[in-house]
Visitor: 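Below you will find the structure I want to go over with you.
Sequential numbering from 1 along the given sequence is applied to the chain's residues. All values below come from the heavy atoms of this structure, side chains included, with hydrogens, waters and symmetry mates left out.
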Amino acid sequence: MKKLVFSTSILGASHIRNKKPCQDYSIVWLSDDSDTAVLIVCDGHGSDTYVRSDVGARLAGEITLDCVRRFLLPFNGIKPDSEWIIGTKGAVTSREEDVKMRYSKLKPKDEKDMTETDWMRYRQRLEFREQIKDKYEQDAIFQALFGSVYEKWLDAIQLDSLKNPFTDEEKELIGKHELKKAYGTTLMTYVQTPEYWFAFQIGDGRMLACDEKSQWRQIVPWDIACFQNQTTSLCSSSPIPKFRYAFDGTGCFPRAVFCCSDGIEDSYGDYDVAPENLHNYFTGLLKVFTEEGKESTMSKLEEFLPKLSAAGSKDDMSIAGIINNITKEQQ
């Protein structure tokens, strides 16, 4: 399957104005035989407390790529077993931190006292119960992968803080928060092999797949904890349960997958209200890639995104993507 992969991150208009670094990070990887691809987008948090979120985002991206490659590639010439995923598919949202409540059908309180948020969390818990009920083998494997990413990220930010001690100004901004708050970031990843694909995410941003009819859909279930300016994150108090994921080992692959940080998403309005705005942009971008090829399209994209930021969200912007079944000329 011929494929094109791409990624870019640009400094947002507000960060240019305030002389802040780009807190987004994106990276793609294609194996030497072009059979396996990985897309990663990280969005470091923008509030003053997250004084090194640009570093946190970069480290999250690099570490995730390393962990995924170790997960996928042969060890001592032995190909990793894929029986755990072949012939199956699924999508699982985030789970309750409280293990006792995680699989419960009980409501958190009397119905008359439940807020809209309580109801949303309750419905999401029921969705989780249904989604995971026959996916325990796959879930254990994904949880191990997420744990590896998180633990290595913690080690990396600890090392960075030792090599580059916080300044007095940074210490004041961090206050009494944990070290990892300084490096807070979201993370989304899409992985495609010749046999299967899987994707995972913690935090906001959109990961959308396109079919042959140019219909876009969100492939990883949403988390109601990602609302307006709130998001889950690698710096959350207990992040591993907050990872969501999807996978397909049935041989069904998307036409394309695009991952974008919320800087792009927010520039096209409220996705929950009018998802077609972002879908239409992605459809147009896909058309340009297939008609003009990668080099020309990337040049146009890197020229367009700063203008989009200035007119829209004012935020940093990242996008990474894969397009399947392309010609050699389009690569």
Visitor: For residues C226 and Q201, determine if any side-chain heavy atom of one lies less than 4.5 Å from a side-chain heavy atom of the other.
Guide: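 No, side chains not in contact.
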
Visitor: Between I132 and F247, is there a shared hydrophobic cluster once you connect ILVMFWY residues whose side-chain heavy atoms come closer than 4.5 Å?
Guide: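 As far as the 4.5 Å side-chain criterion goes, F247 and I132 are connected within one cluster.
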
Visitor: Do S261 and D43 pass the side-chain hydrogen bond (donor to acceptor under 3.5 Å, both in side chains) test, and can you show the C-alpha distance, the side-chain angles, and the key distance before you say yes or no?
Guide: CA-CA 6 Å; S261 61; D43 183 357; 4.8 Å; no

Visitor: D24 versus V41: any side-chain heavy-atom pair under 4.5 Å?
Guide: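 D24 vs V41: side chains apart.
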
Visitor: In Å, rounded to the nearest 0.5 Å, how long is the span from CD of E62 to OH of Y25?
Guide: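 If I round to the nearest 0.5 Å, the distance is 4.5 Å.
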
Visitor: Distance check, rounded to the nearest 0.5 Å: R244 atom CZ versus M188 atom CE?
Guide: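 Those atoms lie 8.5 Å apart.
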
Visitor: Suppose the criterion is side-chain hydrogen bond (donor to acceptor under 3.5 Å, both in side chains): which pairs have a residue in residues 227-238, not counting sequence neighbours?
Guide: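 Output for this query lists H45-S233.
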
Visitor: Please list, chain by chain and in numerical order, all residues satisfying ring pair (Phe, Tyr, Trp, His ring centres under 6.0 Å) with Y268, sequence neighbours excluded.
Guide: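 Y268: ring pair (Phe, Tyr, Trp, His ring centres under 6.0 Å) contacts with Y281.
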
Visitor: Please report the interatomic distance NZ(K107) to NZ(K109), rounded to the nearest 0.5 Å.
Guide: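 Between K107 NZ and K109 NZ, I get 13.5 Å after rounding to 0.5 Å.
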
Visitor: Please walk me through it: do F200 and F146 pass ring-ring contact (aromatic ring centres under 6.0 Å, His included)?
Guide: CA-CA 9 Å; F200 57 88; F146 305 154; 5.1 Å; yes

Visitor: Would you check if L39 and S7 make a side-chain contact, meaning some heavy-atom pair closer than 4.5 Å?
Guide: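 No; the side chains remain at least 4.5 Å from each other.
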
Visitor: Suppose we call two aromatic rings close when their centres sit under 6.0 Å apart. Are F258 and Y190 close by that rule?
Guide: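 They do not qualify: ring centres at least 6.0 Å apart.
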
Visitor: Look up atom CD1 in I27 and atom OG1 in T8, then write down how far apart they are to the nearest 0.5 Å.
Guide: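 Going from the CD1 atom of I27 to the OG1 atom of T8 covers 12.5 Å.
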
Visitor: Would you say K287 and S214 make side-chain contact, with heavy atoms under 4.5 Å?
Guide: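 No, their side chains stay 4.5 Å or more apart.
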
Visitor: Do I240 and L145 sit in the same hydrophobic cluster, where Ile, Leu, Val, Met, Phe, Trp and Tyr count as joined when their side-chain heavy atoms come under 4.5 Å apart?
Guide: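 I240 and L145: one cluster.
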
Visitor: For the residue pair A60 and L234, what are the closest heavy atoms and their distance?
Guide: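 Taking every non-hydrogen atom into account, CB-CD1, 3.7 Å.
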
Visitor: Got a second to check how far K181's NZ is from I157's CD1, nearest 0.5 Å?
Guide: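 If we round to the nearest 0.5 Å, K181:NZ and I157:CD1 are 11.5 Å apart.
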
Visitor: Please report the closest heavy-atom contact between D48 and L173, naming both atoms and the distance.
Guide: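 Heavy atoms of D48 and L173 come nearest at O-CB, 3.8 Å.
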
Visitor: Do T185 and C235 have side chains that approach each other closer than 4.5 Å (heavy atoms only, starting at C-beta)?
Guide: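 Not touching, per the 4.5 Å side-chain cut-off.
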
Visitor: Out of D81, I85, I86, which residue meets the side-chain contact (heavy atoms from CB on, under 4.5 Å) rule with E83?
Guide: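 Checked D81, I85, I86 against E83; only one passes side-chain contact (heavy atoms from CB on, under 4.5 Å): D81.
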
Visitor: Using side-chain heavy atoms (C-beta onward) and a distance below 4.5 Å, is C260 in contact with L278?
Guide: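 Yes, at least one pair of side-chain atoms sits under 4.5 Å.
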
Visitor: Can you name the closest pair of heavy atoms from Q192 and P254 and give their distance?
Guide: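 Closest pair (atom of Q192, atom of P254, distance): OE1-CD, 4.4 Å.
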
Visitor: Between D272 and R206, is a salt bridge (Lys or Arg N to Asp or Glu O under 4.0 Å) present by the stated rule, with each step listed?
Guide: CA-CA 11 Å; D272 292 327; R206 296 288 170 175; 3.7 Å; yes

Visitor: Is there a path of hydrophobic side-chain contacts, each under 4.5 Å between heavy atoms, that joins F166 and L59?
Guide: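 Yes, F166 connects to L59 through the hydrophobic network.
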
Visitor: What verdict does the side chain to side chain contact (heavy atoms under 4.5 Å, CB included) test give for L208 and Y271, after you've listed the backbone C-alpha separation in whole Å, the side-chain angles of each residue and the deciding distance to 0.1 Å?
Guide: CA-CA 12 Å; L208 305 179; Y271 184 85; 3.4 Å; yes

Visitor: Which residue is it: R121, E96, M114? I am looking for the one with a side-chain contact (heavy atoms from CB on, under 4.5 Å) to P108.
Guide: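 The single option meeting the side-chain contact (heavy atoms from CB on, under 4.5 Å) with P108 is M114.
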
Visitor: Between W222 and F227 (judged by ring centroids, cut-off 6.0 Å), do the two rings come close enough to count as a pair?
Guide: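 Judged by ring-centre distance (under 6.0 Å), W222 and F227 do not meet the cut-off.
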
Visitor: Examine Y50 and I63 and state if one hydrophobic cluster contains both, with Ile, Leu, Val, Met, Phe, Trp and Tyr joined whenever side-chain heavy atoms are less than 4.5 Å apart.
Guide: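 In one cluster: no.
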
Visitor: Run the salt bridge (Lys or Arg N to Asp or Glu O under 4.0 Å) test against K307 and tell me which residues pass, sequence neighbours left out.
Guide: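 With neighbours one apart ignored, the set is E303.
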
Visitor: Relative to the ring of F71, is the ring of W84 parallel (under 30°), tilted (30 to 60°) or perpendicular (over 60°)?
Guide: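 Judged by the thresholds at 30° and 60°, the geometry between W84 and F71 is perpendicular.
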
Visitor: Do T115 and D118 pair up side chain to side chain, a donor and an acceptor below 3.5 Å, judged on atom types alone?
Guide: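 Checked: T115/D118 side chains pair up, N/O donor to acceptor below 3.5 Å.
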
Visitor: Just how far is it from atom CZ of R95 to atom CD of Q143, taken to the nearest 0.5 Å?
Guide: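 Rounded to the nearest 0.5 Å, the CZ-CD separation comes to 4.0 Å.
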
Visitor: Give a yes or no on this: more than 12 heavy atoms of other residues, nucleotides or ligands lie within 6.0 Å of atom CD of E276.
Guide: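 Correct, the count exceeds 12.
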
Visitor: Are I141 and Y150 joined in one hydrophobic group, where the rule is that I, L, V, M, F, W and Y side chains link up if heavy atoms are under 4.5 Å apart?
Guide: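 Yes, one cluster joins them.
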
